[in-house]
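A short write-up of the structure that comes next.
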2 protein chains.
Amino acid sequence: MDDRARHLLKSLIEQHISSGHPVGSRQLAKDAGLAISAATVRNVVADLEDAGYVVAPHTSAGRIPTPLGYRFFVDSLIHVTPLSGSFQRMLLQRIGAHLPDAEEVLQATTAMLSELTHLVSFIRVPKRAHQILRHVDFIALRENEVLAIFVTDRGEVENRLLRTESPLSPSVLTQAANFFNASYGGRPLQEVIAQLEEDLLRSRAEMDQILRNAMELGKEMLMADQQGMMVDGELQLLDIPDLADGPRLRELLRTIRQKRELVMLLDGCVQSSSVRLFIGGESGLAPLSDFTLVSAPYHVDGEPVGVIGVLGPLRMPYPEIIPLVDGTARLLGQALSRTSLPSP
Amino acid sequence: MDDRARHLLKSLIEQHISSGHPVGSRQLAKDAGLAISAATVRNVVADLEDAGYVVAPHTSAGRIPTPLGYRFFVDSLIHVTPLSGSFQRMLLQRIGAHLPDAEEVLQATTAMLSELTHLVSFIRVPKRAHQILRHVDFIALRENEVLAIFVTDRGEVENRLLRTESPLSPSVLTQAANFFNASYGGRPLQEVIAQLEEDLLRSRAEMDQILRNAMELGKEMLMADQQGMMVDGELQLLDIPDLADGPRLRELLRTIRQKRELVMLLDGCVQSSSVRLFIGGESGLAPLSDFTLVSAPYHVDGEPVGVIGVLGPLRMPYPEIIPLVDGTARLLGQALSRTSLPSP
DNA sequence: AATTGGCACTCGTTGCGTTAGAGTGCTAAC
DNA sequence: GTTAGCACTCTAACGCAACGAGTGCCAATT
């Protein structure tokens with residue numbers, strides 16, 4: 001493909017992104033800024049169609065980009081410019097306003113991303129496997145109910161009500177908690193679970209029951225990761241005039257709701273070095289085939305722990321969206337990292 | 001209004017609820033089961049229109065009920081039959097499956113209600129004011145960060161990261177927690193807050209800082225009540241063919257999102273003796289004027305603590321919806337009450 | 001060999017008149 | 001008080017023609 005064709009394809013896609021309509025040869029010739037007639041444009045565009053980058057919705061209409069066309073566009077036709085320093089500072093301020101509560105930070109970040117992009121945004125929550133178990137508590141609530149509380153070094157708290165077969169006295173519970181803290185405290189959650197599993201096989205002490213329950217709670221905490229995803233801005237989807245309602249939108253919303261598939265998709269991006277796009281059917285998920293997903297992993301203390309992203313129509317302003325998602329991911333990681341806390 | 005008119009109005013509304021179309025005199029005469037001609041029906045319906053119970057969308061169409069018509073319908077034309085025992089047992093089983101975790105119970109209940117009614121459902125979460133503070137913990141996470149954890153007798157846990165000005169040793173924190181538990185434990189949250197406020201004025205001890213923070217956490221727990229609402233089934237709104245998209249739907253979704261107004265509305269129903277309906281504009285909230293809200297308070301241990309409800313188009317199957325909401329409220333209260341727990 | 005203007009052709013969109021049907025209100029008869 | 005009949009109204013659906021945007025192709029031009 002020669003230079004002129006690339007330029008025309010770029011111009012065509014840009015026009016279609018901003019107008020939403022199919023782009024005709026006449027308009028394209030005018031807007032591309034080339035000293036070229038509409039007829040010549042037609043020839044070139046016909047080649048682009050043969051190559052699969054654009055299609056005509058019907059015989060006598062202009063062309064619109066195919067997913068392949070968008071892919072080529074983002075890969076080879078545009079170069080994204082990083083966010084300006086002042087803009088970054090603004091975002092960071094907005095994200096960081098909710099420190100030190102990590103959950104609130106995540107919520108604020110999705111809300112912000114959705115607002116800035118006018119798209120649905122989501123965050124794959126940070127993995128907990130490497131968080132360190134800081135504290136465990138067993139609290140007697142009523143006769144046969146014990147509340148188990150796990151606290152990690154990042155301030156995440158998970159709790160669960162346990163039913164016990166026989167009433168346990170507060171002193172037994174305190175003892176159990178002390179033992180627990182001594183044995184398992186200060187170690188990564190993942191290790192704790194493994195250790196618990198092993199210990200349970202060996203010992204058959206009277207604490208079995210509470211140990212077992214605690215282990216399950218620990219497992220649940222890790223398990224929660226497997227469906228930990230925050231979504232914001234679903235309403236933005238209703239504002240897309242193109243696919244206004246249609247069954248595809250329904251399908252998409254349901255997919256977002258169910259999370260499972262999306263989470264699997266996102267988890268494949270955690271190790272990516274940078275921003276990553278799934279345009280149209282590239283994700284392999286049927287309900288996404290009319291949409292584009294832009295994702296970027298974020299790192300906490302150097303470890304890639306989660307992914308943020310936005311989801312919208314194929315026709316989205318990529319040159320703005322991509323740096324926004326990328327930048328937000330970096331800033332989020334920065335905000336959540338230990339080093340971000342002001343030293344005393 | 002005579003008996004026949006009542007019968008016709010009832011029949012008209014039932015037909016419109018099931019078909020969604022305006023109901024004409026011919027159809028109505030046939031379906032009402034009266035030995036009456038269409039012409040007679042026309043006369044009666046004309047009176048009903050004068051009385052404001054029905055309107056004709058345009059000159060040569062049948063009639064559809066007005067909000068006033070629906071109001072009369074639910075007040076005087078139908079009598080709701082309670083849910084069957086076996087059905088109640090089924091629901092209770094589904095609700096209770098998630099005990100003893102109250103939060104999960106609430107979530108399961110909204111999901112169930114939404115699924116059964118095919119409407120948006122929501123729950124005003126139980127008020128915490130009367131819950132008893134069972135346990136407080138202060139945990140040192142890092143240099144200047146302390147995690148405060150409050151536990152109530154119902155197993156609700158709230159936590160918050162506090163920044164302290166100077167590093168606090170674990171022993172100081174333990175001491176603080178012990179003091180806290182001894183002074184304030186076992187009392188209703190509301191009292192705890194009041195007491196804290198008072199104590200803070202008097203003492204100027206070194207614990208001031210942590211006390212103050214703890215008080216704020218306690219306040220936050222109560223405050224959280226003020227916007228505590230769960231929503232499920234927003235997607236159901238998209239299935240309403242009538243107002244398919246339109247700006248009203250958007251407006252409604254936004255209102256649901258913002259919660260504030262809805263929460264205020266619902267709070268007005270906590271003291272109601274039973275199920276309560278807001279048909280059309282009756283709520284005074286403009287975005288609800290094309291919808292009906294059905295709410296019912298639920299009681300925990302005899303105290304009215306929250307409200308559940310559904311939201312849908314004016315044209316909803318009231319004779320099914322009303323007992324469903326009412327029954328679910330009762331069962332939810334039952335599930336959450338202490339007495340529902342199997343005694344040892 | 002690439003480019004361009006011209007031209008016939010296609011097809012979606014828009015606007016308009018026509019028709020069919022449903023339903024009403026009214027009146028006169030029962 | 002009820003009913004049948006009838007003229008009238010209004011919407012929804014359909015068909016049709018005009019319009020215009022856009023294409024593809026060909027022959028002429030550079």
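From a predicted model like this one, the values you see are computed outputs, not experimental measurements. Lettering of chains follows the sequences in order, A, B, ..., and the numbering in each one begins at 1.
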For nucleotides 11-15 of chain C, give me every protein contact, N/O to N/O, under 3.5 Å, one pair per line with atom names.
residue: C:dC11; atom: OP1; partner: A:Thr59; partner atom: OG1; Å: 3.4
residue: C:dC11; atom: O2; partner: A:Ser60; partner atom: OG; Å: 3.1

Give me, pair by pair, the N or O atoms of the protein and of nucleotides 3-7 of chain C that are less than 3.5 Å apart, along with how far apart they are.
residue: C:dT3; atom: OP1; partner: A:Arg4; partner atom: NH1; Å: 2.7
residue: C:dT3; atom: OP2; partner: A:Arg4; partner atom: NH2; Å: 3.0
residue: C:dT4; atom: OP2; partner: A:Ser37; partner atom: N; Å: 3.2
residue: C:dT4; atom: OP2; partner: A:Ser37; partner atom: OG; Å: 3.4
residue: C:dT4; atom: OP2; partner: A:Thr40; partner atom: OG1; Å: 2.2
residue: C:dG6; atom: O6; partner: A:Arg42; partner atom: NH2; Å: 3.4

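Rounded to whole Å, the distance from NE2 on B:His16 to C1' on C:dG23 is 15 Å. Rounded to an integer number of Å, the gap from CD1 of B:Ile64 to P of C:dT24 is 13 Å. Rounded to a whole Å, the CZ atom of B:Arg63 is 7 Å from the C1' atom of C:dT24.
For B:Glu115, the side-chain hydrogen bond (donor to acceptor under 3.5 Å, both in side chains) partners two or more places apart in sequence, or in a different chain, are B:Arg94. The side-chain hydrogen bond (donor to acceptor under 3.5 Å, both in side chains) check on B:Tyr70 picks up B:His16, with sequence neighbours excluded.
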- Task: Starting from the C-alpha separation in whole Å, work towards a yes-or-no answer on side chain to side chain contact (heavy atoms under 4.5 Å, CB included) for A:Gln236 and A:Leu119.
- Result: CA-CA 6 Å; A:Gln236 306 274 9; A:Leu119 301 173; 5.6 Å; no
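Within a 6.0 Å radius of CE in A:Met90, other residues, nucleotides and ligands contribute more than 12 heavy atoms. Counting non-hydrogen atoms of other residues, nucleotides and ligands closer than 6.0 Å to CZ of A:Arg257 gives a total above 12.
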N/O donor-acceptor pairs under 3.5 Å from side chains in residues 24-32 of chain B, not counting sequence neighbours:
residue: B:Ser25; atom: OG; partner: B:Arg42; partner atom: NH1; Å: 3.0

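Salt bridge B:Asp75/B:Arg71: present, at least one basic N to carboxylate O contact under 4.0 Å. Using a 4.0 Å cut-off between charged side-chain N and carboxylate O, A:Arg330 and A:Asp326 make a salt bridge.
None of B:Thr292, B:Leu288, B:Val231 except one satisfies the side chain to side chain contact (heavy atoms under 4.5 Å, CB included) rule with B:Leu311; the exception is B:Leu288.
In 5' to 3' order, the nucleotides of DNA chain D bounding all contacts with chain B (an atom under 4.0 Å from a heavy atom) are D:dT2 to D:dT11.
Listed for the B:Ser11 side chain is no donor-acceptor partner under 3.5 Å among the backbone atoms of B:His7.
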